[in-house]
There are 4 protein chains.
Amino acid sequence: MLTHTYQTILRLHHTDAAGVLFFAHQFTLIHEAYESMMEAIGFPLRRLLAEKTFTLPIIQAEAHYTHPLFLGDRVTILLTVDQVTSSAFRLHYHLRNQDHLLTGEAKTVHTAIDPANRQKIPLPPELKACLQAST
Amino acid sequence: MLTHTYQTILRLHHTDAAGVLFFAHQFTLIHEAYESMMEAIGFPLRRLLAEKTFTLPIIQAEAHYTHPLFLGDRVTILLTVDQVTSSAFRLHYHLRNQDHLLTGEAKTVHTAIDPANRQKIPLPPELKACLQAST
Amino acid sequence: MLTHTYQTILRLHHTDAAGVLFFAHQFTLIHEAYESMMEAIGFPLRRLLAEKTFTLPIIQAEAHYTHPLFLGDRVTILLTVDQVTSSAFRLHYHLRNQDHLLTGEAKTVHTAIDPANRQKIPLPPELKACLQAST
Amino acid sequence: MLTHTYQTILRLHHTDAAGVLFFAHQFTLIHEAYESMMEAIGFPLRRLLAEKTFTLPIIQAEAHYTHPLFLGDRVTILLTVDQVTSSAFRLHYHLRNQDHLLTGEAKTVHTAIDPANRQKIPLPPELKACLQAST
């Protein structure tokens with residue numbers, strides 16, 4: 001299965017008055033990792049939205065928070081493809097700070113739909129092959 | 001000229017690690033006031049985006065910050081139409097907290113464009129009339 | 001167990017280029033419902049952050065997305081206390097649009113910690129009693 | 001005067017249902033450039049917030065939008081120090097896409113304050129020297 005690494009920095013707008021990452025922004029960060037992965041395998045979201053043959057909305061998302069992230073932290077997100085079915089796939093993300101400490105985990109489940117009617121459709125075979133490829 | 005009042009509450013996601021409103025979110029808050037005004041006068045943004053006869057992108061925005069906003073503050077935004085020209089209008093916003101203290105101001109300039117080619121077009125007369133109406 | 005209802009409107013900044021709610025913002029919306037509930041029972045987050053005797057960081061979050069939310073949609077969030085243990089509680093959220101259609105669900109797990117050392121502590125009894133009260 | 005270059009990519013969460021950058025997020029992007037600059041000159045915001053000897057809140061911000069930014073666009077932000085006074089400085093940002101087209105501009109004015117009482121104080125001389133340095 002595919003893996004992909006994404007690096008970013010925790011910015012002020014990711015924090016809140018409690019002084020650490022606002023929990024919802026961990027989902028924003030992992031989605032950046034997902035967008036980066038989709039570009040890397042030749043399926044940039046911009047093209048998907050323009051071509052309108054399929055889109056991949058998230059139907060489930062979950063996260064665990066194990067250590068706070070602070071302003072300025074260097075965050076490395078390891079994305080791994082967890083499961084691929086006929087019309088959906090699940091991604092698993094591990095977030096680590098500059099000390100290689102696990103700060104959180106997340107999962108997202110994406111289903112292929114026809115954007116015209118929002119009905120579930122099979123995953124395009126080329127995308128499926130990319131997600132299942134070993135790296 | 002039209003005026004419109006909008007009320008909201010400062011939420012955790014509006015704050016940052018400095019403990020107060022993150023400056024960019026003042027723009028998000030005033031845009032909510034703008035959306036609320038456009039609904040009130042019969043031009044909800046959703047319909048504008050769906051009908052595609054014109055949209056009103058912001059070409060200029062500015063803000064002043066005079067007093068910090070804290071988590072839980074009750075914010076009242078007074079929107080006033082500042083200027084209306086053939087193809088554009090300027091809105092002025094005053095933000096006050098629950099103690100009626102001015103916490104910030106902002107302005108946005110919106111130009112009517114044809115979303116198909118992003119060229120400037122005249123403001124629809126019905127919209128122009130609404131913006132210029134006394135309230 | 002406690003229930004709490006929160007109402008909001010889907011604004012442009014909640015949407016993305018796919019034309020619907022960006023998935024991470026469902027977490028932002030349910031956190032507003034949580035903040036509103038905490039205020040209603042007399043534990044506004046602002047006071048918790050100021051007093052520093054305990055905070056309630058989210059250690060787990062999950063969401064399901066069953067129907068898209070569009071710009072301008074009226075969203076009603078029903079929050080129910082799902083589970084209360086000695087030092088944690090779980091909240092369950094149901095989101096419905098103006099047609100009473102379920103658009104999504106979410107859960108958050110909050111643990112009481114001492115903000116000074118981030119160690120787990122028992123839930124304050126008064127808070128526990130409020131969460132367990134029938135409404 | 002100091003200049004600093006920052007590069008980023010326009011992500012889905014920066015866009016809205018109109019299909020392009022949501023205007024308030026241009027302020028979020030330029031603030032990332034500002035944070036990156038402050039780190040580069042040895043004044044990371046995290047340390048400023050921790051040490052509490054001074055902070056640099058934004059008291060004015062403005063932006064112009066000259067060309068839309070789309071999902072996936074490579075954005076280069078050139079930050080230049082525009083003006084430095086005894087207790088404040090103004091930064092000017094130019095945003096360009098991968099085709100070197102100017103998509104927007106922005107300015108922010110920052111004032112040094114004592115976070116304990118939020119009173120204006122002189123800019124620390126070391127910071128002032130860094131901002132005024134030629135690069």
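Letters go in sequence order (proteins before strands), and every chain restarts at 1. Model, not experiment: these values are computed from the prediction.
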Checklist entry - Out of curiosity, B:Leu29 CG to C:Arg11 CZ, how far, rounded to the nearest 0.5 Å? => result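 Reported value, rounded in 0.5 Å steps: 11.0 Å.
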
Checklist entry - Checking C:Thr8 against chain B: side chain, backbone, both or neither under 4.5 Å from a heavy atom? => result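 When you check distances to chain B, no heavy atom of C:Thr8 falls under 4.5 Å.
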
Checklist entry - Does a side-chain heavy-atom distance below 4.5 Å link C:Leu71 with B:Glu35? => result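 Yes - at least one pair of side-chain heavy atoms lies under 4.5 Å apart.
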
Checklist entry - Does the side chain of C:Arg46 reach to within under 4.5 Å of the side chain of B:Asp73, using non-hydrogen atoms? => result yes

Checklist entry - So which of B:Thr15, B:Thr28, B:Leu12, B:Leu45 has the largest heavy-atom pair count under 4.5 angstrom toward chain C? => result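 Between B:Thr15, B:Thr28, B:Leu12, B:Leu45, the count favours B:Leu12.
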
